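To start, the structure itself, in structure tokens.
Since we're looking at a predicted model, the values are computed, not measured.
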Protein chains: 2
Amino acid sequence: MLTIRDIAAKAGVSVSTASRALNNNPRISLATRKRIQALATAEGYRPNYNAKNLTSGEANAVGVVFPTSDRNSTDNPFYIDLLRGINTELMKRQYVLSVAISKTADELLENVKAMVAQGKIKRFVLLYVHQADPVAAFLREKHLHFVTIGEPVDGHDDYFVDNDNLEAGIGGASFLLDQLAVKHPVFVESGHNWGYEQQRRQGYERVAAQYNVEPLTCKLNDLEYVQSFIKHHPEIDGIMATDDFNAIEFYRLLREQYVASHFPVVSYNHSLPTGLTDANLHSVNLFPEKMGSATVSLLFSDREETADKQIRIPYEIK
Amino acid sequence: MLTIRDIAAKAGVSVSTASRALNNNPRISLATRKRIQALATAEGYRPNYNAKNLTSGEANAVGVVFPTSDRNSTDNPFYIDLLRGINTELMKRQYVLSVAISKTADELLENVKAMVAQGKIKRFVLLYVHQADPVAAFLREKHLHFVTIGEPVDGHDDYFVDNDNLEAGIGGASFLLDQLAVKHPVFVESGHNWGYEQQRRQGYERVAAQYNVEPLTCKLNDLEYVQSFIKHHPEIDGIMATDDFNAIEFYRLLREQYVASHFPVVSYNHSLPTGLTDANLHSVNLFPEKMGSATVSLLFSDREETADKQIRIPYEIK
DNA sequence: CTGTTAGCGCGTTCAT
DNA sequence: ATGAACGCGCTAACAG
């Protein structure tokens with residue numbers, strides 16, 4: 001294995017000169033810097049992370065924390081794309097992506113604690129937002145950098161990346177009412193009251209008011225409830241759902257009662273393979289990969305008082 | 001930060017004694033070992049991974065490699081559950097999960113190379129199986145330990161964890177023909193010819209022969225093809241699909257032409273929220289979390305000549 | 001059984 | 001502008 005000593009020897013300089021040259025220290029003449037850097041690349045020299053981290057006292061790793069259970073917020077391709085966006089950005093900085101994931105909250109917290117205490121990881125990404133989250137509390141207490149995916153609740157002013165869900169709600173509703181000429185759209189959401197659902201609903205309600213249509217919301221609780229809801233609202237002629245799965249589910253139940261009708265649908269995440277439904281489905285792309293890369297730039301931002309603590313990623317309807 | 005010197009000092013012994021005691025070295029008397037270990041836990045001592053790794057020359061991390069694109073094999077909750085299974089097992093061993101994920105194959109390979117050269121990672125999990133995969137080739141060449149999720153192709157005898165897909169195919173087909181009393185089942189697969197699809201199809205064909213029914217396979221190529229296929233096969237009265245998405249898609253197209261009919265469905269992965277279809281869907285659970293934990297035990301197995309290089313996880317139909 | 005010493009690879013004083 | 005020497009936290013070889 002090639003160490004910095006080898007490079008120094010081959011270059012005919014001391015180790016410290018080599019080290020400085022490789023780190024672009026201006027105290028070394030530009031000429032020798034270039035020379036040594038060229039040599040290093042030529043020889044295929046790679047610095048040992050463990051040694052670097054040992055001296056610096058900080059790991060070149062970012063901890064990415066998954067929610068304990070995501071059976072409810074089923075945005076799965078979303079996570080994968082997010083990871084891709086995060087990691088591509090981390091690689092540029094010579095950083096590594098470490099994940100914390102577990103079924104139980106206790107084990108997850110233990111995981112994060114080990115990353116901090118033993119792994120010297122000082123930067124984290126939380127792929128979720130929870131009320132009174134022990135992981136976030138721990139990170140705050142230790143004054144470690146972290147960014148959440150999704151706007152914080154509980155009134156914390158953490159750094160975060162999110163979509164502009166209100167704007168996306170407005171955009172989706174306008175698209176439905178304007179372009180698709182729907183008269184009586186229904187807003188479909190899960191029974192969980194997720195933050196992004198509330199925000200998108202607000203956008204929907206605002207547009208509804210503007211178009212003088214009565215806002216109408218259906219939570220996907222039990223089957224009977226939804227079926228009876230549909231029965232009582234025969235006027236529905238279009239769907240706006242908080243994600244693709246909710247959209248498909250409601251669409252199916254609607255068609256069950258009104259077989260022949262045609263219902264345009266707008267939903268979010270762009271996360272399903274085509275062919276799962278015959279609905280005229282317009283899924284809003286939220287660009288998870290961009291969210292990932294924005295997360296990293298926020299995570300490594302200067303964090304001055306003046307700096308923005310949030311990034312909103314725009315959406316796209318097609 | 002508490003180092004091993006502090007523990008040694010408080011215990012009134014030398015650093016090396018402390019080190020040995022904490023690593024349970026039998027050269028230290030059991031009494032002092034216990035004493036020092038107790039002290040360490042009491043004081044909340046945590047060894048620094050970077051220092052350990054520097055001396056050992058090997059990182060306490062496992063590299064988990066994602067496929068470059070998974071837009072085709074859409075088993076997403078599958079990946080998350082897999083990660084959970086892997087990480088839970090890694091935590092027990094004081095290991096950390098590092099991921100390599102990227103959009104391009106070149107960048108992915110670069111990612112893995114950095115993990116090896118700079119991160120000193122020596123164990124990997126490949127969440128996929130590809131023909132002539134450069135990552136796998138690199139790992140083989142460097143004689144590093146790795147386990148793939150899915151049976152290797154290309155005739156390599158890598159370590160792997162998989163379902164017994166043939167058996168699962170037989171089980172699924174039997175369930176359909178026997179319990180659900182289907183007479184003319186169709187086997188639905190993607191256009192990709194994945195290994196697991198072929199194996200499940202074999203199982204299906206074997207059972208079909210046994211029940212004296214003509215095997216019938218439909219690849220989900222373009223829409224027109226599938227619609228025409230359905231038109232030419234009005235005898236179909238049940239579906240066996242290689243995953244839930246394929247099942248739902250085919251089911252939908254079938255119902256389009258035969259609205260009133262009832263078609264039992266068997267598919268795999270157990271990966272969708274309920275409510276997405278009105279099909280009588282029996283999705284085979286493949287226990288991804290168990291696969292994850294098996295992967296780790298294989299990754300850390302002794303690797304003697306005699307040892308098995310594979311683990312098959314059983315399935316369950318409900 | 002335990003302590004002393006050296007060294008892992010690198011960054012960084014402090015000299016020169 | 002460059003080099004020598006030390007230290008990060010820990011393990012291991014070598015004493016005793």
Side-chain donor-acceptor contacts of residues 22-29 of chain B below 3.5 Å, not counting sequence neighbours, with atom names and distances?
| from | atom 1 | to | atom 2 | distance (Å) |
| --- | --- | --- | --- | --- |
| B:N23 | ND2 | B:S19 | O | 3.1 |
| B:N24 | OD1 | B:R33 | NH1 | 3.2 |
| B:N25 | OD1 | B:R27 | N | 2.8 |
| B:S29 | OG | B:T32 | N | 3.4 |
| B:S29 | OG | B:T32 | OG1 | 2.8 |

Test salt bridge (charged side-chain N to carboxylate O under 4.0 Å, His left out) applied to B:R35 - qualifying residues, sequence neighbours left out: none
Annotated protein contacts, base or backbone, on nucleotides 3-10 of chain C with a non-hydrogen cut-off under 4.0 Å, one of B, S, - each: BB--BBBB
Qualifying residues under side-chain hydrogen bond (donor to acceptor under 3.5 Å, both in side chains), relative to B:K309, sequence neighbours excluded: B:D157
Listed partners of A:E107 passing salt bridge (charged side-chain N to carboxylate O under 4.0 Å, His left out), at least two apart: none
Qualifying residues under salt bridge (charged side-chain N to carboxylate O under 4.0 Å, His left out), relative to A:R123, sequence neighbours excluded: A:E58
Side chain to side chain, A:F66 and B:R84, heavy atoms closer than 4.5 Å: no
By side-chain hydrogen bond (donor to acceptor under 3.5 Å, both in side chains) - contacts of A:D164 (at least two apart): none
Considering only distance and modelled atom types, tabulate donor-acceptor pairs under 3.5 Å from the side chains of residues 112-121 of chain A, sequence neighbours left out.
| from | atom 1 | to | atom 2 | distance (Å) |
| --- | --- | --- | --- | --- |
| A:Q118 | NE2 | B:Y49 | OH | 3.4 |
| A:K120 | NZ | A:A117 | O | 3.1 |

Sequence neighbours excluded, every pair satisfying salt bridge (charged side-chain N to carboxylate O under 4.0 Å, His left out) that has a member inside residues 131-141 of chain A: A:R140-A:D158
Heavy-atom contact window of chain A on DNA chain D, given 5' to 3' at under 4.0 Å: D:dA1 to D:dG9
End-to-end axis angle, where each axis spans five pairs of the helix from C:dC1-D:dG16 to C:dT16-D:dA1, to 10°: 40°
Ring pair (Phe, Tyr, Trp, His ring centres under 6.0 Å) partners of residues 85-109 of chain B, not counting sequence neighbours, each pair once: B:Y95-B:F300
For atom CD1 of B:I36 and atom C1' of C:dC1, their distance in whole Å: 12 Å
Sugar-phosphate, base or nothing in reach of B:S56, heavy atoms under 4.0 Å: nothing
Euclidean distance, atom CG of residue A:N25 to atom P of C:dG11 [Å, nearest integer]: 11 Å
